[in-house]
Amino acid sequence: MKAKTIDEVIEALDLIIEDAKKTNNSKGYFAALYRKVTKRVKEGIAAGEFEDGERMERLDVLFANRYLNAYDNYFEGQTTTKSWTVAFDHTKQYWPIVLQHLLWGMNAHINLDLGIAAAAVAPGDSIHSLKKDFDRINALLASLVGEVEQELSEIWPTLKYILTLSQKIDDFLVNFSMKAARDGAWRFALKLAAAAEEERWKLIKDRDETIKEIANCVDPPGFIPRLVFALIRLGEKRDIAKVIEILE
């Protein structure tokens with residue numbers, strides 16, 4: 001595994017972020033958001049917010065290594081999961097907006113990687129003892145929605161007016177979609193934890209195929225959706241390094 005502690009995870013994310021800034025590459029968007037989440041988890045462990053802090057660190061590291069290994073494999077020309085391949089493929093393109101990049105990363109990491117990591121840290125019947133801490137992670141992620149919205153507003157100023165007019169209905173929509181993803185991740189973790197070793201690989205392969213299809217929905221076909229995203233993209237800040245700094 002690439003990292004063995006949360007501090008090593010943060011160090012690895014720092015390297016990705018710095019490289020993305022230097023190369024002006026949008027691959028740093030998700031890494032910046034993920035670093036924020038990881039630091040918050042570290043603070044929560046230190047503050048005793050979880051039932052089992054040691055286990056939570058193991059989960060955090062296993063979870064992060066799914067992303068770090070996928071990142072290394074992809075950018076070194078090796079095979080990785082289809083879910084992450086979709087996300088990383090889009091970092092080579094100009095037109096995706098910042099929110100799309102974040103959603104592609106979250107889709108692969110929450111919908112696929114989280115269940116795998118949870119089942120690995122708590123296999124068999126022990127998976128049920130993880131539920132409370134798993135839910136606390138969910139609450140932590142939801143608590144960051146408002147902060148990320150404000151950052152996106154700084155990247156695309158028009159979003160501030162949309163947030164005002166919508167009276168934060170988008171908070172509900174984002175939290176609802178994230179809750180659906182996390183609930184799906186938990187159900188997947190239960191399946192993996194109960195499965196025989198030879199069955200797990202098929203479950204992961206099938207799940208990856210499903211999550212890849214969800215990823216494709218982040219870039220909807222049709223003239224109107226593409227026009228809307230194009231207008232947002234043209235209104236976003238052009239300096240990728242600056243955008244990454246905002247997301248940090």
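These numbers come from a predicted model, not from an experiment.
Hydrophobic clustering (side-chain heavy atoms under 4.5 Å, transitive across Ile, Leu, Val, Met, Phe, Trp, Tyr) groups Ile45 together with Leu59. Linking Ile, Leu, Val, Met, Phe, Trp and Tyr residues whenever their side-chain heavy atoms come within less than 4.5 Å places Leu62 and Leu190 in a single cluster. Put simply, Val243 and Leu13 are part of the same group of oily side chains (I, L, V, M, F, W, Y) that touch within less than 4.5 Å, one to the next. Under the 4.5 Å side-chain heavy-atom criterion for grouping Ile, Leu, Val, Met, Phe, Trp and Tyr, Val218 is connected to Ile155 within one hydrophobic cluster.
Remark: Lys42 engages Asp7 in a salt bridge, criterion side-chain N to carboxylate O under 4.0 Å. A salt bridge does not link Asp183 to Arg187: none of the charged side-chain nitrogens sits closer than 4.0 Å to a carboxylate oxygen. Between Glu209 and Lys212 a salt bridge is recorded (basic side-chain N to carboxylate O distance below 4.0 Å). By the 4.0 Å N-to-carboxylate-O rule, Lys242 lies too far from Glu154 to be salt-bridged with it. A salt bridge between Glu18 and Lys21 is present, with a side-chain N of the basic residue lying under 4.0 Å from a carboxylate O of the acidic one. Comment: Asp135 does not engage Lys132 in a salt bridge, judged by the lack of any side-chain N to carboxylate O separation of less than 4.0 angstrom. Here Glu248 does not pair with Lys39 in a salt bridge; the nearest charged N to carboxylate O distance is not below 4.0 Å.
Taking the ring centre of Phe88 as origin, the terminal cationic atom of Lys27 falls outside the region bounded by 6.0 Å and 45° from the ring axis. In this structure, Arg55 is not positioned above the aromatic face of Phe50 in the sense of NZ or CZ being under 6.0 Å from the six-membered ring centre and within 45° of the axis.
For the residue pair Trp84 / Asp208, no side-chain donor-acceptor distance below 3.5 Å is found, with atom types taken as modelled.
Between Ile17 and Arg35, the shortest heavy-atom contact is CD1-CD, 3.6 Å. For the residue pair Arg233 and Tyr94, the shortest heavy atom distance occurs at NE-O, 2.7 Å. Between Leu203 and Phe188, the closest heavy-atom pair is O-CE1, 3.8 Å. Contact record, Ile127 with Ala189: CD1-CB, 4.3 Å, taken as the closest heavy-atom pair.
Residue Ile116 holds its CD1 atom at 10.5 Å from NE2 of His109, rounded to the nearest 0.5 Å. Atom OG1 in Thr80 sits 10.5 Å away from atom CZ in Phe75 (nearest 0.5 Å).
Note on ring orientation: taking the six-membered ring where Trp is involved, the planes of Trp186 and Phe134 are tilted (angle from 30° to 60°).
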Decide salt bridge (Lys or Arg N to Asp or Glu O under 4.0 Å) for Lys2 and Glu11; before the verdict, give the C-alpha distance in whole Å, the side-chain angles of both, and the deciding distance to 0.1 Å.
-> CA-CA 11 Å; Lys2 189 176 185 69; Glu11 289 172 7; over 6 Å; no
For Tyr71 and Phe30, run side-chain contact (heavy atoms from CB on, under 4.5 Å): C-alpha distance rounded to whole Å, both residues' side-chain angles, the deciding distance at 0.1 Å, then the answer.
-> CA-CA 11 Å; Tyr71 177 94; Phe30 179 76; over 6 Å; no
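Here Tyr29 and Trp104 keep their ring centres 6.0 angstrom or further from each other.
Side chain of Asn65 to main chain of Ala3: a donor-acceptor pair is present (N/O by atom type, distance under 3.5 Å, no hydrogens or angles).
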